[in-house]
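Step one of this worksheet: look at the structure below.
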Amino acid sequence: HERICATCSNSLNFYKTNNYTLVFGPDDFKKKASFCGLDCLGDFIIKLRNMKSKQKEDNLSSADNYF
């Protein structure tokens, strides 16, 4: 994984205890993102939620347009 924060691009020092790493994605294609603090991790999760809800909205609207 990278040595920079996935949210703010700050350099990470892996000897500090306030670094966080998130492993996500389907079992056959896992991704790993590292963060310099809980605020950056929280922002990343919020962005993931927004992307997920936008995908659902897009899928519903395209299904409505189909009929």
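One is the number of the first residue; the rest follow in order along the sequence.
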Original post:
Who passes salt bridge (charged side-chain N to carboxylate O under 4.0 Å, His left out) against Lys52, sequence neighbours left out?
Top reply: none
Subject >> Full working for side chain to side chain contact (heavy atoms under 4.5 Å, CB included) between Cys5 and Leu12 >> reply: CA-CA 6 Å; Cys5 177; Leu12 296 176; 4.3 Å; yes
Original post:
For Phe44, what residues pass the ring-ring contact (aromatic ring centres under 6.0 Å, His included) criterion, not counting sequence neighbours?
Top reply: Phe24, Phe35
Original post:
Does Ile46 have any side-chain contact (heavy atoms from CB on, under 4.5 Å) partners at least two apart in sequence or in another chain, and if so, which?
Top reply: Asn50
**OP:** Output the distance between atom CG (Asn19) and atom CG (Asn10), rounded to the nearest 0.5 Å.
**Re:** 10.5 Å
Subject >> From CD1 (Ile4) to OG (Ser34), nearest 0.5 Å >> reply: 9.5 Å
**OP:** Applying side-chain contact (heavy atoms from CB on, under 4.5 Å) between Asp43 and each of Leu38, Thr7, Leu48, report the one that passes.
**Re:** Thr7
